[in-house]
Number of protein chains: 2
Amino acid sequence: MSDRARHIPEATVARLPVYLRSLAELVDEKIPTVSSERLAEMAGVNAAKVRKDLSYLGSYGTRGVGYDVEYLLFQMSRELGLTHDWPVAIVGAGNLGSALANYGGFTQRGFPVAALFDSDKAKVGKRIHGVEVHHTDDIAPLAEELGVGIGVIATPASAAQDAADKLVQAGVGSILNFAPTVISVPDGVSLRKVDLALELQILSFYQEHRDVGS
Amino acid sequence: MSDRARHIPEATVARLPVYLRSLAELVDEKIPTVSSERLAEMAGVNAAKVRKDLSYLGSYGTRGVGYDVEYLLFQMSRELGLTHDWPVAIVGAGNLGSALANYGGFTQRGFPVAALFDSDKAKVGKRIHGVEVHHTDDIAPLAEELGVGIGVIATPASAAQDAADKLVQAGVGSILNFAPTVISVPDGVSLRKVDLALELQILSFYQEHRDVGS
DNA sequence: GCTCGCTTGTGAACTTGCGCACTAGCGTTC
DNA sequence: GAACGCTAGTGCGCAAGTTCACAAGCGAGC
């Protein structure tokens, strides 16, 4: 119970932010306690799954009553590492990179854009949403100096692996990849991807194979 | 073998587009055949997994040789339903919706933007990237008329469920949700989500819990 | 035409994740 | 203060997915 080293399953980790958002909504509505059933409904999952997921964080519920919304919110924020900011570096200052830098919700949610990088020297020196664009050759020294832990890759596919390598070299431990390609990182570096075309193609499959029976 | 109704596991379906992209690269490089090992390396997965995944499509490989790149590419495109276009409707003509409509790669990959919808009457009638913005009240008749099978939700969280309901009512069978909220759809409708904040929070967790041991 | 190397296809063990169903235990009511 | 209703926490069987390891079988070379 007291050891912080409990291993939390990946599937659970991926759901925690969903619970977090639900809890934030409940706080807004000034609802003091919530049952696993209610939370499950809000998060679109099974109630038993909610209880099991939350039990990995500790025993924060009260039997017969439910979970204290604010307390659980705090504990979950702490577990997710959201009690402090995570400066991010964005590699690629094209359409997507600029859009991400301009998107205010980034900073607002505790992920301020600390630096922007591009390999195009014509873009270096410009400012996007108040953040200066640096050359990709300077990723390592700058990202390290700014304490960047999370890197975002918004380059074309062809430049993505190089960007990832440079981010890793800069000591970045987590990468979010928007480039439509597979990139590889050393063990110990977390990697997640967001790929629009891929999502649409998956939906295309299910659309193509819709139940012909009904 | 011959029955097309084989059930393909979800996890496999999600990987098919990755293989597809790898195959497209191989075609560009004029490489005629590929082994499961090579394909696995390109897709960033295990070779046995590649073979099992591909076996769900049929026996398209040749022992001792590998897979014929072009033939496999064709079969996979067919299975994914990518041999024809899938007109999509985008709900929400704000920052994200506009960006998506402007993003050419959409049409280019066989997912032309057939219609744009917004609940703001001031936006109705305007054209974005050549596509007229309609009112969300007209989703049902228009989407049906245009043969839209896939809907994209790019609204604020508060409007997302309503958008989903209207898309479903219009007969849309697949939805890609960009709104940072959980939405529910009836059985038989496919739903996938892309959530930036969620991805960053997941990375934040792993960043916060990085191995203190090494 | 036989042998040998190579690669697919797949049975089977194993791992992870899910969800039921039950127990533990808090708070309230009488 | 005893009994009851309600909800968290969890053990366990089941399902899905992954990986290993091997048999099947193609093609090249002699």
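The chains referred to below are lettered A, B, ... by the order of the sequence lines, with proteins before strands, and numbering in each begins at 1. Scope of the values below: all heavy atoms of this structure, side chains included, with no hydrogens, waters or symmetry mates.
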query: Can you tell me if the side-chain N/O atoms of A:Tyr67 get under 4.0 Å from OP1 or OP2 in D:dG9?
result: yes
message: Please classify the nucleic acid contact of A:Val34 as base, sugar-phosphate, or nothing, using heavy-atom distances under 4.0 Å.
response: sugar-phosphate
query: Expressed in angstrom and rounded to an integer, what is the separation of B:Asp68 atom CG from D:dC26 atom P?
result: 16 Å
- prompt: B:Arg51 side chain to B:Ser36 main-chain N or O, any donor-acceptor pair under 3.5 Å?
  reply: no
I'd like a table of atom pairs between the protein and nucleotides 15-19 of chain D - only N or O on both sides, under 3.5 Å - with the distance next to each one.
residue, atom, partner, partner atom, Å
D:dT18, OP1, B:Arg15, NH1, 3.3
D:dT18, OP2, B:Arg15, NH1, 3.3
D:dT18, OP2, B:Arg15, NH2, 3.0
D:dT19, OP2, B:Lys49, NZ, 3.3
D:dT19, O4, B:Lys52, NZ, 2.9

- line: Letter by letter from the 5' end, nucleotides 23-29 of chain C scores (B base, S sugar-phosphate only, - none; protein heavy atoms under 4.0 Å) -BBBS--
- line: In short, B:Tyr71 meets B:Asp68 closest at the heavy-atom pair N-OD1, 2.9 Å
field: Contact under 4.0 Å: A:Ser36 side-chain N or O vs D:dT7 OP1/OP2
entry: no
- prompt: Does B:Asn46 CG have over 12 foreign heavy atoms under 6.0 Å away?
  reply: yes
query: Is B:Asp162 paired with B:Lys166 through a side-chain N to carboxylate O contact shorter than 4.0 Å?
result: yes
- line: For A:Ile202 and B:Pro17 the tightest heavy-atom approach is CG1-CG, 4.0 Å
field: Between CD on residue A:Glu79 and CZ on residue A:Phe74, distance to nearest 0.5 Å
entry: 11.0 Å
Main-chain N/O of A:Phe117 paired to A:Thr136 side chain as donor or acceptor, under 3.5 Å: no
- prompt: Roughly how many Å is it from CD in A:Glu41 to P in D:dT7, rounded to a whole number?
  reply: 13 Å
- prompt: OH of B:Tyr71 versus P of C:dT8: gap in Å, rounded?
  reply: 16 Å
- prompt: Rounding to a whole Å, what distance do you find between A:Arg38:CZ and D:dC6:P?
  reply: 18 Å
Please list every donor-acceptor pair under 3.5 Å in which a side-chain atom of residues 100-115 of chain B meets a protein atom from a residue at least two apart or in another chain.
residue, atom, partner, partner atom, Å
B:Asn102, OD1, B:His129, ND1, 3.4
B:Asn102, ND2, B:Ser98, O, 3.2

- prompt: Is the backbone N or O of B:Leu200 less than 3.5 Å from a side-chain atom of A:Trp86, with the two atoms forming a donor-acceptor pair by type?
  reply: no
- request: Check the distance between C:dG9's P and B:Leu57's CG and give it to me in whole angstrom.
  value: 10 Å
task: Calculate the interatomic distance between A:Arg51 atom CZ and D:dC6 atom P; express it in whole Å.
output: 15 Å
